[in-house]
Asker: 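Supplied in structure tokens, the structure appears directly below.
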Number of protein chains: 2
Amino acid sequence: MTKKPSTINIIAKKSGIGIETIRYYQRIGLIEKPEKPLSGYRVYGDDTVARLLFIQRAKELGFSLVEISSLLALGDGSCLETKALAIHKLDIIKSKLHDLQAIANTLEQLIQSCEANSAHHGCPIITAISKK
Amino acid sequence: MTKKPSTINIIAKKSGIGIETIRYYQRIGLIEKPEKPLSGYRVYGDDTVARLLFIQRAKELGFSLVEISSLLALGDGSCLETKALAIHKLDIIKSKLHDLQAIANTLEQLIQSCEANSAHHGCPIITAISKK
DNA sequence: GTAACCCCCGTACCTAGCTACAGAGTCAAG
DNA sequence: CTTGACTCTGTAGCTAGGTACGGGGGTTAC
């Protein structure tokens, strides 16, 4: 039950991550390069695919590649540190949520003031941004 | 009542925007460069300061420099187009809010599962990101 | 055996929004 | 008239996360 060897193209398809991106991850040390056979193509295992999928999902949770690197280094062992990272990230995200909500509120008000502006005395949005 | 001429340093201080940033804005055409006297320093008016403040506030509302450029070009005239830009921006911000909220929820769950994990069977956060 | 792929490596380029710096010129105070 | 602070210009570098390309070589299918 030996598998046929996975070249970079294969793991790219399995993980849904582009070849160039995988090479980039290798360059920045996020994933390892398997030994290169003296002449031939590098062969990848399913652990690499798993790692790539991990990276993808961590990215979706808002972790940067540097943070993902830490997560991978921590591994399954130090739950406390992992939790600390997650809490820190959650704080940042909550703060972003807060800011964005404020912006959305302001924009909504501006848009409404624009709708109320039947007279053509200039655009209330522009006016609002201009003076203050 | 002639004012003393404002050099770039002065308008930087008045607007709270750095000199290098102002030069950058000039390079990308967001603000104009006043004519340079054949020998000497450029002189800026308060209209430039106003424009810089406008840019700052529009940035705070989440507009990119390119979008701000459009806003400035539209000016006070075409309220409809300005409103359209604002609505478009609001849509994007709402979508970001939605995504961030989902991420925050997931992170919160992960952190809680971590807290419930009294037994030391690996970190639930890592496990959750790993499999799926 | 040869055409059509595929891989490897290094390097350059991209977006956005700055930020820094060198070298030459200018201005104003003392 | 010198000194020091300021300006102008052009160019390069930075972050983050890729994306693209060219040259050289290996592999596979027919």
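Naming: A, B, ... by sequence-line order, numbering from 1 per chain. In this text the structure is predicted, and so the values were computed from the model without any measurement.
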Asker: Can you sort out which residues in residues 26-33 of chain B have a heavy atom within less than 4.0 Å of DNA chain D? Ascending by number, please.
Answerer: B/Arg27, B/Lys33
Asker: Counting only heavy atoms from other residues, nucleotides and ligands, does the tally under 6.0 Å from CD of B/Gln56 exceed 12?
Answerer: yes
Asker: Which nucleotide sits closest to the side chain of A/Glu20: C/dC8, D/dT19, D/dT7?
Answerer: D/dT19
Asker: If I take atom NZ in residue B/Lys13 and atom C1' in nucleotide D/dT7, what distance separates them, rounded to the nearest angstrom?
Answerer: 13 Å
Asker: Between atom CD1 in B/Ile22 and atom C1' in D/dC8, what is the gap in whole Å?
Answerer: 14 Å
Asker: To the nearest angstrom, how far is A/Asn9 atom CG from D/dT28 atom P?
Answerer: 13 Å
Asker: C/dA16 phosphate, OP1 or OP2: any side-chain N/O from B/Tyr24 under 4.0 angstrom?
Answerer: no
Asker: Measure from CD on A/Gln56 to C1' on D/dG17 and round the result to the nearest Å.
Answerer: 14 Å
Asker: Phosphate oxygens OP1/OP2 of C/dG17: is one of them under 4.0 Å from a side-chain N or O of B/Thr21?
Answerer: no
Asker: Heavy atoms, side chains only, cut-off 4.5 Å: are A/Tyr41 and A/Ile8 in contact?
Answerer: no
Asker: Can you tell me which residue among B/Ile11, B/Thr7, B/Asn9 is in a side-chain contact (heavy atoms from CB on, under 4.5 Å) with B/Tyr44?
Answerer: B/Ile11
Asker: Would you say A/Leu80 has more than 12 foreign heavy atoms packed within less than 6.0 Å of its CG?
Answerer: no
Asker: Minimum heavy-atom separation for A/Ile126 to B/Phe54, with atom names?
Answerer: O-CE1, 4.0 Å
Asker: Just to be sure I understand the rule, does B/Arg23 reach a base, reach only the sugar-phosphate, or reach nothing, if contact means heavy atoms closer than 4.0 Å?
Answerer: base
Asker: Whole-Å distance between C/dT19 P and B/Ile17 CD1?
Answerer: 11 Å
Asker: In this structure, would B/Val43 and B/Ile22 fall into the same cluster of hydrophobic residues linked by side-chain contacts under 4.5 Å?
Answerer: no
Asker: Nearest whole angstrom, please: distance from the P of D/dG17 to the CG of A/Leu65.
Answerer: 4 Å
Asker: Applying side-chain hydrogen bond (donor to acceptor under 3.5 Å, both in side chains) to A/Gln109 and A/Asn105, what does each step give before you reach the verdict?
Answerer: CA-CA 6 Å; A/Gln109 278 173 28; A/Asn105 292 344; over 6 Å; no
Asker: How close do B/Leu90 and A/Glu108 get, counting heavy atoms only, and between which atoms?
Answerer: CD2-OE2, 3.7 Å
Asker: Identify each atom pair where a protein N or O and an N or O of nucleotides 27-30 of chain C are less than 3.5 Å apart, giving names and distance.
Answerer:
from   : atom 1 : to      : atom 2 : distance (Å)
C/dC27 : OP1    : B/Ser39 : O      : 3.3

Asker: Can you name the nearest heavy-atom pair linking A/Leu71 to A/Leu85, along with the distance?
Answerer: CD2-CD1, 3.8 Å
Asker: Output the single nucleotide from C/dC7, D/dT19, C/dC18 whose closest atom is nearest the side chain of A/Thr7.
Answerer: C/dC7
Asker: Rounded to whole angstrom units, what separation is found between the CD1 atom of A/Ile19 and the C1' atom of C/dC8?
Answerer: 11 Å
Asker: Roughly, in whole Å, what's the span from CZ in B/Arg42 to P in C/dG25?
Answerer: 16 Å
